[in-house]
Protein chains: 2
Amino acid sequence: MAHERRAGVPVAGKDQLKQGKDGKSIAVQGLRGAILRGDMVPGQRLVETELVELFGVTRGSVRSAIDDLVADGLVERIHNRGARVRRVSLDQAIEIMECRRVLEGLIAAKAAERAGPDDIARLRVHGELLRQAIRDGEMGKYSTLNQELHAMLAEISGQSTAADLIGRLNAQIVRHQFQLAQRTAWPRSSVDEHGTIVEAVAAKDPAWAERAMHEHLSHVITALKNAGE
Amino acid sequence: MAHERRAGVPVAGKDQLKQGKDGKSIAVQGLRGAILRGDMVPGQRLVETELVELFGVTRGSVRSAIDDLVADGLVERIHNRGARVRRVSLDQAIEIMECRRVLEGLIAAKAAERAGPDDIARLRVHGELLRQAIRDGEMGKYSTLNQELHAMLAEISGQSTAADLIGRLNAQIVRHQFQLAQRTAWPRSSVDEHGTIVEAVAAKDPAWAERAMHEHLSHVITALKNAGE
DNA sequence: GCTCGCAGGATTGTCAACATTTTCGCTAGC
DNA sequence: GCTAGCGAAAATGTTGACAATCCTGCGAGC
C-alpha cells in the first residue's frame, strides 16, 4: 500500500523473460507450440504425467499450463476426466473469423487515423513484398508476410486490446487456416486486397480502410464455408 | 463453447453444481464477484492468505482462481510480487468499448438475420420496458434491462464466440460504466436508440441493425471520453 | 546527515504425497 | 451368448509442507 506503483498498463515484455525460467511457462510455451504446430491433434487427450516427462517439469506446472490454455480456448477440460485439445468445428471457425473480421476492421480504421509518414512507407514496402510473394506463388512467404502486415496494422492502430483478442482467436483456428491455405487456390480478384488496405490506410481514410479489411476477410470466410462442402 | 462459465446462459446445470462444491470455483466466483461489485478496488493487493480465510478454501484454490482472473484481464500479477486488481485507465476503457462496439454490431447484424417471430415479440416487450424505465428515471432497472437486451440479442444471433468476448470485455470496465451511469445525464437523443435497434432487428435488416448498434455505442464512447475531462 | 548494506519478516512459487473419481477388464448370473 | 455388477489400476483433484524471492526497518560507515 505504501508503494503505489504503475497503474497497470498493458502487456508483458519483461514478464515474458522472467517467465521463461519457471516451469509453468516452459509447459505453457511447449504445449501451445505443440498444439499450434499440429504435433497434438484436436481431440487428443492430454495426460498430465505424459506431459511431465515430455517437458521435464512438474505436474503442477503442467496442470497450471493446461488451465492457461483452457482460458485461451485451445484446450477443453472435463471435470475428473482430463483435458483434450479442443476440436473447433467449421461453424465455430466461421464464427471466430466473423469476430476477427470486425476487430480487424476496427484496427484498420484506427490505423488509418493514426498512421504517420514512416508507417505508411513501411506498409507500402510490405505490400509490395506481398504482391511479389503472390506472383511467385510462394505461399509460405505469403503467409508470413500476411501475418506481419496485420501485426503492423495492429501496432500502428494502438488498439492493443483488439490485437490481443485477435491473437487469441487466431490461435484457435490455425489448423483451419492452414488447411484452407493448402486446399484453396485464391481467386485473382482477391490478389490485391492487401494493396487496397494499404492504400486506404495511406490515404488516412478510416471508413475505406475498414471496408477494405471487411471485404478481404469476407472472402476468407466465404472460402472457409465453401471448403466445408 | 469453451467458456460457458459466466457469459450468457448456463448451459450445463450439473457443472454449476459441481463447480459450487470445489474450492477453486468458490474462490473464482467469490473473487470475481467482489471485484465486480467493487468490494475490491483497482490497485488493491490480493494477498493469498487473506483470501484463504475470507473464502474458507485452500491456498491452492485461491492461487488457481487468481490465475483465472488474470486470464480474464481482471487481475494482474507480477512475478514474486503478488497479484492486484487491475487498474483500467480511461484510454484502455475506451479501447475496450471500441471493441465492444464492433462486436455488438456483429451480434446485432446476425440477430437481425436469424430472428424469428417469437424472438421479435420478446425484443419488443423488452424495448417497451426499457422505454418505461427511462421515462420513470429508474436507472437501476434501466441498467438491468439494458444488459438483458444485449444478452437476448447475443442469444438470438447464435454468435457465442462474440458473446463470450463481450462478456470478458464488459467485466473489465464495469467500474467505468458504473461511474458513467451515475455521473451522466443521458441526452434525449439517445433515449430511444434501443428502440431503433429492436426495430432494425424486427425488420430483419442486418446492415441497419449493425449501424444502429454502432451509433448507440458510439454515444457511450463519447460520453466516456467527455467524462475524463 | 545521507547512503549503503544487512538481517527479519512476510509472501509467493514449487514440489511431493494423499484422497477421489473414473475407466476398463473380469467374473457371475440370467 | 449377453448383460449387470464388482474390483483393480490409472488419472485427476487437493492438500500441506518446503524453498526462493522480495519488501522493510535498523545500524554502520563515509
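Lettering follows sequence order; numbering is per chain, from 1.
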Which residues satisfy the side chain to side chain donor-acceptor pair (under 3.5 Å) test with N80(B), sequence neighbours excluded?
none

Do E98(B) and K110(A) sit within salt-bridge range, that is, some charged N less than 4.0 Å from a carboxylate O?
yes

Tell me whether the rings of H150(B) and H194(B) are parallel (<30°), tilted (30 to 60°) or perpendicular (>60°).
perpendicular

Tell me, please, which residues at least two apart from R101(B) pass salt bridge (charged side-chain N to carboxylate O under 4.0 Å, His left out).
none

Do any side-chain atoms of residues 30-46 of chain A form donor-acceptor pairs under 3.5 angstrom with protein atoms, and if so which ones, sequence neighbours left out?
| residue | atom | partner | partner atom | Å |
| --- | --- | --- | --- | --- |
| R32(A) | NH2 | D72(A) | OD2 | 2.3 |
| R37(A) | NH1 | D39(A) | OD2 | 2.7 |
| Q44(A) | OE1 | V41(A) | N | 3.2 |

Examine the side chains of S64(B) and S61(B) and answer whether a donor and an acceptor come within less than 3.5 Å of each other.
no

Residues in salt bridge (charged side-chain N to carboxylate O under 4.0 Å, His left out) with E48(A), at least two apart?
R59(A), R63(A), R77(A)

Which heavy atom in A154(A) sits nearest to a heavy atom in A163(A), and how many Å separate them?
CB-CB, 3.9 Å

Starting at CZ of F55(B) and ending at P of dT14(D), how long is that distance when rounded to a whole Å?
17 Å

With axes from five pairs an end, tell me the bend angle of the helix from dG1(C)-dC30(D) to dC30(C)-dG1(D), nearest 10°.
10°

How does protein reach along nucleotides 11-18 of chain C, written 5' to 3' as B (base within reach of a heavy atom under 4.0 Å), S (only sugar-phosphate), or - (no contact)?
SBBBS-B-

Rounded to whole Å, CD1 of I26(B) lies from P of dG13(D) at a distance of 16 Å

